[in-house]
Amino acid sequence: MLLEAYLEPHLRNALEQIGAAELVTPELEVPKIPEHGDLATTVALQLARPLRRPPRQIAEEIVRHLQLPSEDVAVEIAGPGFINFRFTADFFTRLLRQIADLGDTFGQLSIGKGKRANVEYVSANPTGPLHLGHGRNAALGDTIANLLTWCGYEVTREYYFNNAGNQMALLGKSIYARYRQLLGDEYPFPSDGYHGDYIWEIARGLVERYGDALREETEEHLAICRQEGETWCFAHIRQTLERMGIWHDIYFNEDSLYRDGKVDAVLQALRERGLLYEQDGALWIALSRFGRQDRVLVKSTGEGTYRLPDIAYHRDKLERGYDLIVDVLGADHITTIEDVITAVGALGYDTSRIKVVLHQFVTLTEGGQQVKMSKRSGKSYTLDELLEELGPDVVRFFFLMRAPSTHLEFELELARQQTEVNPVFYLQYAHARICSIFRYASERGIVPDETADTRCLIHPSEQALIKLLVRFPERVRKAAQLYEPQLLAEYLREVAQAFHAFYHEHRIIGAETPEHMHARFVLARLTQRVLRNGLAILGIQAPERMERAAEPLLH
RNA sequence: GCGCCCGUAGCUCAGCGGGAUAGAGCAUCGGCCUUCUAAGCCGAGGGUCGCAGGUUCAAAUCCUGCCGGGCGCGCCA
């Protein structure tokens, strides 16, 4: 139960009585400063102009007509005309009791109930190992999918890839060239080929399996190289993702759109709407009618450009009946995706169901200096290397703690050297600490009373923690609806901080009375649950214990 | 030239569906372990919220222009 919902009808009522209901919406917000109460409204300030009266006077009139739902809430007028509401400590302790009874369902939302969502992310073509940008995309997409699941959506996680285009052909040629070189032939490497060590590795595999049987440069042999490359790359991509705790329900192959006639169908539909025209032997789509630029869909060679299957793909997703379609893409896709959505919209589809989450690029720094190459491999850093060095929790958290729209600087020294001051560990530590308290209790034969009365939790640090925990559902909702996981990460940090502060001020085991002990167990249990569920949404472990850093011996 | 994103403390960034004294982490300085994990807590210093206009009772937040940085703008994906 949200506090806002508790008060809003009464505020609305008061506004109606003074005849101002039409002029303003009865919005309530949480003041930044605790001294300003638990909720506040600025309606009186907003009404000052239309009513042509001083805001304070209006506030007084509203308050006079306000019938408060219970003795638990007090009202005051402050500053130029803010109306502040303050709930009693007793109210919050009883709220804690109610929320604790909800168990793991606390915070779960129903806004997506009965709805289906599709989240597409990673979607890297199998031409090489994943890099840092893919990592951010993967962490974001996976967390958004988790958030939507938490909101009640039935979520499909999808990976879209192309294994037929120029890029893949080039991969095959690169592998073939390395293969020939391994056989001792002088064979030129394609100028724009893939240079990574993995190409050598794949080629070595071919030598082992085929010997020199593929030496002759035929379409068939190149196809084997290409296929081998795809298999290898996909296996590694999936392994990397698995390391991050990521999997997909559907791997959607771009090529299938051609095979199933969906590309032709899209061309047909566009043609029927008069959106296609020929020029210079190519087929163009007239996006300029929608304030955009015309684009080639079919090249003069007869091949489609990538935009064509992209349009067919989005049409397909819309046809599959999802209520919500989320595309998680790097910033370089802006122009393309807008073209695609415009085209699909021109075909008469409701594109408001499509939500594009664009994230900016990632730069890796070490001590403030930009790192372009991995020290070990001498090549650009792969996601795998980062995972190996830092572990999945740190990597995921670093990718998630910034807003998708901002450029992300991944500071290696902070992530690596200062594992002890790392923001991830701060959250995990709070959880481990709570687990430790329950372990300690159990060892001493203390059984926490999960149904204990919590009304004695009236100290400021206890109240602050309760007030924060109450906000969990609303904060998750905001993160989900804005597709901004960093909001949840920030909230969890606040919870951890409030718990640590509470912990230092009060004892649980050894509290002043048994009543306090059991009430605090309830509070600790709820904190633990919020941290565990919140971390689970971010895809980060909530460890039950953490190693204590070895203390240096003092002499 | 056009489009999208960013410009907030020494550094990295929250806040930006307008609101009352602009926050966090790191870094710096000072306190706190004979009791449930000090990967912690408490405190201090540090900011013309890029600049200039505009809208508003109220602007870091909305609008316009400019400056600075990133990414796109292909019959590549």
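Everything numeric in this text was worked out from a predicted model, so none of it was measured. In what follows, chains are A, B, ... by sequence order, proteins preceding strands, each numbered from 1.
Applying the 4.0 Å criterion to OP1 and OP2 of G17(B), one finds that Gln481(A) has every side-chain N and O outside that range. Regarding contacts with the backbone of A20(B), a side-chain N or O of Lys32(A) is found under 4.0 angstrom from either OP1 or OP2. Applying the 4.0 Å criterion to OP1 and OP2 of G74(B), one finds that Lys299(A) has every side-chain N and O outside that range. For U35(B), neither phosphate oxygen OP1 nor OP2 lies less than 4.0 angstrom from any side-chain nitrogen or oxygen of Tyr503(A).
The listed nucleotides are C13(B), G17(B), C4(B); the one nearest the side chain of Lys478(A) is G17(B). The side chain of Arg493(A) lies closest to A24(B), out of A24(B), A39(B), C13(B). When distances are taken from the side chain of Ile508(A) to each of C75(B), A20(B), C36(B), the shortest belongs to C36(B). Proximity note for Gln46(A) (side chain, C-beta onward) versus C41(B), C57(B), A77(B): the nearest is C57(B). Here A77(B) is the nucleotide among C42(B), A77(B), A20(B) with the atom lying nearest to any side-chain atom of Glu254(A). Taking only side-chain atoms of Gln497(A), from C-beta outward, the nucleotide of C71(B), G19(B), A24(B) with the closest atom is A24(B). The Glu484(A) side chain lies nearest to G15(B) when the options are C36(B), C4(B), G15(B). Among the nucleotides U35(B), A39(B), A14(B), the one closest to any side-chain atom of Thr406(A) is A14(B).
The same atom, C1', is picked in A22(B) and in C67(B); the two are 24 Å apart, to the nearest Å. Rounded to the nearest Å, the gap between the C1' atom of U56(B) and that of G50(B) is 23 Å. Spacing between U48(B) and U55(B) at atom P, rounded to whole Å, works out to 27 Å. Taking atom C1' in both A60(B) and G18(B), one finds a spacing of 10 Å when rounded to whole Å.
Rounded to an integer number of Å, the gap from CD1 of Ile337(A) to C1' of G3(B) is 15 Å. As a whole-Å value, the separation of Arg525(A) CZ from C36(B) C1' is 14 Å. As rounded to whole Å, 13 Å separates atom P of G15(B) from atom CE of Met401(A). With rounding to whole Å, Tyr159(A) atom OH is found 13 Å from A77(B) atom C1'. Distance NE2 (His134(A)) to P (A77(B)): 16 Å, rounded to an integer number of Å. When the P atom of A77(B) is taken as reference, atom CZ of Arg307(A) falls 9 Å away, rounded to whole Å.
Looking at Ser123(A) and Glu120(A), their side chains do bring a donor and an acceptor atom within 3.5 Å of each other. Counted by atom type alone, His314(A) and Asp327(A) present one or more donor-acceptor pairs between their side chains at under 3.5 Å. Between the side chains of Glu505(A) and Ser461(A), at least one donor N or O lies within less than 3.5 Å of an accepting N or O. For the 3.5 Å distance criterion, the side chains of Thr513(A) and His516(A) qualify, holding a donor opposite an acceptor.
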> Would Gln167(A) and Tyr194(A) count as a side-chain contact (heavy atoms from CB on, under 4.5 Å) if you check the C-alpha gap in whole Å, the side-chain angles of each, and the deciding distance to 0.1 Å?
Replying inline: CA-CA 9 Å; Gln167(A) 309 295 325; Tyr194(A) 291 93; 3.1 Å; yes
>> Using ring-ring contact (aromatic ring centres under 6.0 Å, His included), reason through His248(A) and Tyr121(A) one step at a time and then give a plain yes or no.
In response: CA-CA 9 Å; His248(A) 290 83; Tyr121(A) 57 107; 4.5 Å; yes
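Within 4.0 Å (heavy atoms only), Ala403(A) reaches sugar-phosphate atoms of the nucleic acid but no base atom. Leu297(A) comes within 4.0 angstrom of nothing in the nucleic acid, heavy atoms only. Among the protein residues, His506(A) comes within range of the nucleic acid bases, having at least one heavy atom under 4.0 Å from a base atom. Residue Tyr306(A) is classed as a base contact, given a heavy-atom separation below 4.0 Å to a base. In this structure, Arg295(A) reaches the sugar-phosphate backbone alone: every heavy-atom distance under 4.0 Å involves primed, P, OP1 or OP2 atoms, never a base. At the heavy-atom level, Glu411(A) lies nowhere under 4.0 Å from the strands shown. Looking at heavy-atom distances under 4.0 Å, Ala48(A) makes no contact with the nucleic acid at all. Contacts of Ala430(A) with the nucleic acid, taken as non-hydrogen atoms under 4.0 Å apart, are absent. If you check every strand for non-hydrogen atoms under 4.0 Å, Gln486(A) touches sugar and phosphate atoms only. Base contact: Gln279(A) has a heavy atom under 4.0 Å from a base atom. Across all strands shown, Ser405(A) has heavy atoms under 4.0 Å from sugar-phosphate atoms exclusively, and none from any base. Residue contacts for Asp310(A): at a heavy-atom cut-off of 4.0 Å it reaches no nucleic acid atom on any strand shown. Counting any heavy atom pair closer than 4.0 Å across all strands shown, His36(A) reaches a base atom.
With hydrogens and angles ignored, a donor-acceptor pair under 3.5 angstrom links the side chain of Ser300(A) to the base of C75(B). A donor-acceptor contact under 3.5 Å links the side chain of Thr42(A) to the base of G19(B). Counting atom types as modelled, Asn84(A) pairs a side-chain N or O with a base atom of A20(B) as donor and acceptor under 3.5 Å.
Residue His504(A) and nucleotide G40(B) are not classified as a stacked aromatic pair, given the requirement of ring centres less than 5.5 Å apart at an interplanar angle below 30°. Between the side-chain ring of Phe82(A) and the base of G19(B), no stacking contact exists by the 5.5 Å and 30° definition.
Pairing for C76(B) is absent, judged as Watson-Crick or G-U wobble with the two contacts each under 3.5 Å. In this structure, G40(B) forms a base pair with C32(B), meeting either the Watson-Crick or the G-U wobble geometry with both donor-acceptor distances under 3.5 Å. The nucleotide G3(B) finds its pairing partner in C71(B), both defining distances of the Watson-Crick or G-U wobble pair being shorter than 3.5 Å. Nucleotide C51(B) has G65(B) as its partner under the Watson-Crick or G-U criteria, with both atom distances under 3.5 Å. Across all strands shown, A22(B) has no partner, as no Watson-Crick or G-U wobble contact with both distances under 3.5 Å is found.
With a glycosidic angle no further than 90° from 0, C33(B) counts as syn.
With values rounded to the nearest 0.5 angstrom, Ser300(A) atom OG is found 10.5 Å from Glu278(A) atom CD. For the atom pair CD1 of Ile285(A) and OG1 of Thr305(A), the computed distance is 9.5 Å after rounding to the nearest 0.5 Å.
Taking the six-membered ring for Trp, Tyr160(A) and Tyr251(A) have ring centres at least 6.0 Å apart.
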